[in-house]
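From a predicted model like this one, the values you see are computed outputs, not experimental measurements.
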Amino acid sequence: MRIKIIFFELCTICFACLLIAVGLNLFLADAKLVSGGLTGIALLIEYTTGINSGILYLILNLPLFVLSYFKVSLKFTIYSIIGTVLLSVFLYLTSPLKSVLNIHDVFLSGVIGGVISAIGYSLMFKVRATTGGIDILAVIIRKKNPAKNIGDVTFTVNLIIVIVSMLLLKDITRALYSLISMFVTSTVVNKMIFGFNKKYLVLIITKSPDQISEYILNVIKRGVTSIEAEGCYTKDKQNILYTVLDINQYVSLRRRIQNFDPNAFLSAIETKSVTGNGFNEI
């Protein structure tokens, strides 16, 4: 069973790297756009020196592999090495695709290339792997400081790449298109990781927990947890009901809750990821 899982993960990494390479070479490189992270740096160097970006990407990742081994884990490092080597190979093999389509719309190339690359990156994250580069650095920073916002780190690095591309390529328009492509990639990755259907964490403070719980369980068909509570000011004994609903279920509950307890306090918080108990598997 363990061998099958590893085989599936390796196949996923291989396919994901191929998608990323196709997105970069077929669309972004063809339009002279840069992507985020080390791939963007590799493309910038290729534009200015002519050295193949696949070879450059592998070389730039070597010091990060050492950091990954000492700061994260052996499995993560091995998967990152496999992902980086495969991406470098596929970037090299797909380099002839740069002039195949000849799309003259730079914006369209940036959007499509960003989406295709994002699908590849998302598949990598699904199997807890990376293609090296900034992803390794982000994991190391997050492990050292869990409160650190990795999105800020990634955005800062990508912004620096865009600024450098403006200076080297002397083309502000393409640099801004590159920034749009990076935003598309980031958005699609988040959607694929956290899902397209929003979920809401719902808290209900009520003196009629039985009726509301029965409605959630039997009509909405969702689980609910009841927690005994006491008002700090009034000292009244009440119950807090905890559940997670999609938008339609939440609207249905909000409409009916007035019939059960007009004085109930209802709070809903949008949540990005829900796993287990009828939602996605952990």
Measure across T243 and L245 and return the closest heavy-atom pair with its distance rounded to 0.1 Å. OG1-CD2, 3.7 Å

Pair I6-R2, side-chain contact (heavy atoms from CB on, under 4.5 Å): steps then yes or no: CA-CA 6 Å; I6 294 176; R2 181 60 183 168; 4.0 Å; yes

Closest non-hydrogen atom pair between L28 and G114, with its separation: CD2-N, 4.4 Å

Partner set under side-chain hydrogen bond (donor to acceptor under 3.5 Å, both in side chains) for K237, not counting sequence neighbours: E230

What pair of heavy atoms forms the shortest contact from A16 to G120, and how long is it? CB-O, 3.2 Å

Across all chains, not counting sequence neighbours, the side-chain hydrogen bond (donor to acceptor under 3.5 Å, both in side chains) partners of S213 are none

Quick one: CG on L241 to CG on D210, what's the gap to the nearest 0.5 Å? 9.0 Å

Hey, are the side chains of V111 and F27 touching, using non-hydrogen atoms and a 4.5 Å cut-off? no

Y69, OH: over 12 other non-hydrogen atoms inside 6.0 angstrom: no

Would you kindly confirm whether I55 and L86 end up in one hydrophobic cluster when ILVMFWY residues are joined by side chain heavy atoms under 4.5 Å apart? no

Name each donor-acceptor pair under 3.5 Å that joins a side chain in residues 58-67 to protein atoms two or more places apart or in another chain, with its distance.
residue : atom : partner : partner atom : Å
N61     : OD1  : G133    : N            : 2.4
N61     : ND2  : Y57     : O            : 2.8

Evaluate side-chain contact (heavy atoms from CB on, under 4.5 Å) for L91 paired with L24, printing each intermediate quantity in order. CA-CA 8 Å; L91 281 172; L24 292 176; 3.8 Å; yes

Side-chain heavy atoms nearer than 4.5 Å, only ILVMFWY residues, links allowed to pass through others: does that put L74 and V127 together? yes

Under the ring pair (Phe, Tyr, Trp, His ring centres under 6.0 Å) test, which residues partner F260, sequence neighbours left out? Y215

Taking N239 for its side chain and S226 for its backbone only, find out whether a donor-acceptor pair lies under 3.5 Å. no

Minimum heavy-atom separation for I116 to L19, with atom names? CG2-O, 3.3 Å

Rounded distance [0.5 Å steps], NZ in K221 versus CD1 in I216: 13.0 Å

Apply side-chain hydrogen bond (donor to acceptor under 3.5 Å, both in side chains) to S95 and list each qualifying residue two or more places apart in sequence or on a separate chain. none

What distance do I119 atom CD1 and T185 atom OG1 have between them, rounded to the nearest 0.5 Å? 10.0 Å

Worked check of side-chain contact (heavy atoms from CB on, under 4.5 Å) between R254 and L266: CA-CA 8 Å; R254 190 175 62 182; L266 177 67; 3.8 Å; yes

State yes or no: do F183 and F107 share one hydrophobic cluster built from I, L, V, M, F, W and Y residues joined by side-chain heavy-atom distances below 4.5 Å, directly or via other members? no

To the nearest 0.5 angstrom, please state how far the CD atom of Q238 sits from the OG1 atom of T206. 7.5 Å

What distance separates E9 CD from K4 NZ, expressed to the nearest 0.5 Å? 14.5 Å

Determine, using the 4.5 Å side-chain heavy-atom cutoff (strictly less than), whether Y79 and F70 are members of one ILVMFWY cluster. yes

Interatomic distance, CD1@I257 vs CD1@I212, rounded to 0.5 Å, equals 4.0 Å

L87 and C17 have their tightest heavy-atom pair at CD1-O, 3.6 Å

Write down the atom of I13, the atom of G83, and the distance for their closest heavy-atom approach. CG2-CA, 3.8 Å

Is there a side-chain contact between L253 and V219 (heavy atoms, below 4.5 Å)? no

Output, in order, the C-alpha distance, side-chain angles, deciding distance and verdict of side-chain contact (heavy atoms from CB on, under 4.5 Å) for Y242 and V202. CA-CA 6 Å; Y242 171 96; V202 181; over 6 Å; no

With a 3.5 Å distance limit and no angle check, can you tell me whether Q249 reaches the backbone of D246 through a side-chain donor-acceptor pair? yes

Whether the side chain of K71 engages the backbone of S68 through a donor-acceptor N/O pair (distance < 3.5 Å, no angle test) should be reported. no

Among residues at least two apart in sequence or on other chains, which ones pass ring pair (Phe, Tyr, Trp, His ring centres under 6.0 Å) with Y92? none

